[in-house]
Colleague: 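If you scroll down you'll find the structure; I have some questions about it.
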Amino acid sequence: MMPSTPSTDELVQQVLHNCAVSDAHHARDYSLCIYLLKMREFFRWEHGLGFSERLPKEQLGEWITAREQQWETLEEAEFSTLNYAGSEHGPYDTAPLNQALEGTGLIYSGGLCGPKAHFFIAELEGREEQDGAIIYTSGRELARELTAPPALSLGESIFLRRESLRRMIWERLEEWGGEDKERAIAHTAACYNFKGDFDAALEAMTDDELATLREHELGEVAVGRELGSEWEAMLATLPRSRIEFQLRAIRDHLVDCRYTLPKILDEGRDAALHFYLANFDAMRKAIFPELIEAYQGYINGDKGKALRETTKRGEELWLQQMDIALSIYRKNGGEPKILMRSLEQNLPRI
């Protein structure tokens, strides 16, 4: 690990400020239950507590109150510029800032993930290039937000966040609690020796899932090249809504049917397949229940036959739906209300 300097310390504080501004703008987007769970784990990260350590109730409550008071003061705030090594960077100037950070052992990312701005700065573990994309893998995080996506792509750059992924895996295991043995997360856990050595098993699973995220994000970059700027422009036109979530899920399904799932099946990575299904959110289940049914075939011993057939059909389906959406956008792109109404009429209802 490279030692921090006064200049990088100041940069970390600036990134933390922008993280707080982003949270101030979006913390109310979550249901109360999800919000409280996220706050608990945000507290755990900020205070450097291990996964097995109990959270101090009184201190946690005081911290939540103080954090909410801070966000209230930032609700109208804008993101700050980032000053580093005598140069000024905008919060989304990821590539030039990372050029300036070369040799410090740190990596920065600033960009949009859905409607929310996400920022983080972390210790850099590795950098590689594949298929024209640059892949950065980070370790210990010095600045992050309430929500920390374990992977994201910005243009031709991919950021894989080991610490956030490890934390996300632990949260899924904690939520499951070892009760229902039929759930996909139970099948995932059975592939590792969590009872014998929890920490080693968690590290092994994190390594495996980094490979899955890597494949998905490479697929995102490839699909992004095909779509150009139109798809993101369409999403930016839409208000936060069911239709917006549906369109994001459609793109995710296309990427996974074309790239992620075939790779997992070809490599026979059972744990990765189980964990993929364990993270299926409500929207993705609602628009692609056939994949859940195909997964049951895998559980029952069909060796992935139904999954391969379903992903092949799925790729065609999602391409078709994306073409429909883009065609509608080209006709009605400047009128959000008309665009919404037309998309609702022409996309499958869920």
Side-chain angles (χ1 to χ4, degrees), residues 1-2 8 11-12 14-16 18-19 21-22 79-85 87-145 147-168 206-207 209-236 248 251-252 254-256 258-260 263:
M1 180 181 72
M2 298 290 291
T8 57
L11 176 62
V12 169
Q14 294 165 20
V15 177
L16 281 168
N18 284 346
C19 288
V21 172
S22 182
F79 299 124
S80 298
T81 55
L82 304 173
N83 299 293
Y84 176 70
S87 297
E88 187 175 276
H89 303 273
Y92 300 123
D93 292 344
T94 297
L97 182 52
N98 281 328
Q99 285 183 336
L101 284 170
E102 283 186 13
T104 65
L106 299 178
I107 188 71
Y108 170 76
S109 172
L112 293 173
C113 185
K116 188 181 191 301
H118 281 284
F119 309 105
F120 81 92
I121 188 165
E123 294 172 356
L124 178 64
E125 285 192 349
R127 178 191 184 279
E128 60 179 309
E129 295 188 31
Q130 181 176 334
D131 301 333
I134 303 174
I135 305 168
Y136 299 97
T137 303
S138 65
R140 185 173 72 95
E141 297 182 349
L142 309 178
R144 52 153 281 193
E145 298 152 54
T147 298
L152 67 157
S153 52
L154 299 175
E156 302 289 307
S157 296
I158 293 170
F159 297 87
L160 305 179
R161 302 168 63 175
R162 179 184 294 276
E163 183 179 86
S164 287
L165 175 59
R166 185 191 298 112
R167 193 172 297 277
M168 185 266 276
T206 301
D207 286 338
E209 289 308 315
L210 276 172
T212 301
L213 292 179
R214 186 175 184 276
E215 195 64 33
H216 177 85
E217 295 304 325
L218 283 168
E220 285 280 3
V221 171
V223 168
R225 290 175 186 142
E226 289 181 33
L227 294 174
S229 60
E230 263 192 320
W231 186 263
E232 291 303 322
M234 175 179 64
L235 293 179
R248 293 186 185 281
R251 174 170 170 162
D252 274 340
L254 172 63
V255 170
D256 289 337
R258 182 183 286 179
Y259 298 101
T260 318
K263 183 81 168 179

Colleague: Output yes when a side-chain donor or acceptor of Arg167 lies under 3.5 Å from a complementary backbone atom of Pro150, and no otherwise.
Modeller: no
Colleague: Determine whether Glu232 and Leu112 satisfy the following criterion, side-chain contact (heavy atoms from CB on, under 4.5 Å), listing intermediate values before the conclusion.
Modeller: CA-CA 11 Å; Glu232 291 303 322; Leu112 293 173; over 6 Å; no
Colleague: Out of Thr260, Ile158, Asp252, which residue meets the side-chain contact (heavy atoms from CB on, under 4.5 Å) rule with Glu220?
Modeller: Asp252
Colleague: So Glu102 and Arg127, salt bridge (Lys or Arg N to Asp or Glu O under 4.0 Å) or not? Walk me through it.
Modeller: CA-CA 11 Å; Glu102 283 186 13; Arg127 178 191 184 279; 5.9 Å; no
Colleague: Report the C-alpha distance between Leu82 and Asn18 in whole Å, list the side-chain angles of each, state the deciding distance to 0.1 Å, and finish with yes or no for side-chain contact (heavy atoms from CB on, under 4.5 Å).
Modeller: CA-CA 9 Å; Leu82 304 173; Asn18 284 346; 3.8 Å; yes
Colleague: Could you tell me whether the side chain of Val223 reaches within less than 4.5 Å of the side chain of Arg258, counting heavy atoms only?
Modeller: yes
Colleague: CZ/Arg140 to CZ/Arg162 distance, rounded to the nearest 0.5 angstrom?
Modeller: 15.0 Å
Colleague: Does Glu145 come within less than 4.0 Å of Lys116, counting only side-chain N to carboxylate O?
Modeller: yes
Colleague: Can Leu124 and Leu101 be said to form a side-chain contact (heavy atoms from CB on, under 4.5 Å), step by step?
Modeller: CA-CA 10 Å; Leu124 178 64; Leu101 284 170; over 6 Å; no
Colleague: Say you draw a straight line from CG of Asp131 to CD of Glu156; how long is it, rounded to the nearest 0.5 Å?
Modeller: 10.5 Å
Colleague: For Gly132 versus Arg225, what's the shortest heavy-atom pair and its separation?
Modeller: C-NH2, 3.7 Å
Colleague: Give a yes or no answer on whether the side chain of Thr94 reaches the backbone of Ser109 with a donor-acceptor pair at less than 3.5 Å.
Modeller: no
Colleague: When you look at Ser153 and Glu217, which way does the side chain to side chain donor-acceptor pair (under 3.5 Å) test go after all the steps?
Modeller: CA-CA 6 Å; Ser153 52; Glu217 295 304 325; 3.2 Å; yes
Colleague: Side chains of Leu142 and Thr8: does their closest heavy-atom pair fall under 4.5 Å?
Modeller: no
Colleague: Taking ring pair (Phe, Tyr, Trp, His ring centres under 6.0 Å) as the definition, give me every residue that meets it alongside Phe159, ordered by chain and number, with sequence neighbours left out.
Modeller: Tyr136
Colleague: Just by distance, do the side chain of Arg161 and the backbone of Pro149 share a donor-acceptor pair under 3.5 Å?
Modeller: yes
Colleague: For side-chain contact (heavy atoms from CB on, under 4.5 Å), just list the numbers for His118 and Thr147, CA-CA rounded to whole Å, side-chain angles, deciding distance to a tenth of an Å, and then say yes or no.
Modeller: CA-CA 8 Å; His118 281 284; Thr147 298; 4.1 Å; yes
Colleague: Is there a side-chain contact between Gln130 and Arg214 (heavy atoms, below 4.5 Å)?
Modeller: yes
Colleague: Test of understanding: with side-chain contact (heavy atoms from CB on, under 4.5 Å), list the residues that count as partners of Thr81, not counting sequence neighbours.
Modeller: Asn83, Glu88
Colleague: May I ask you to decide if the ring planes of Tyr108 and Phe119 are parallel, tilted or perpendicular, using 30° and 60° as cut-offs?
Modeller: parallel
Colleague: Measuring only between side-chain heavy atoms, which start at C-beta, is Phe120 closer than 4.5 Å to Ser138?
Modeller: yes
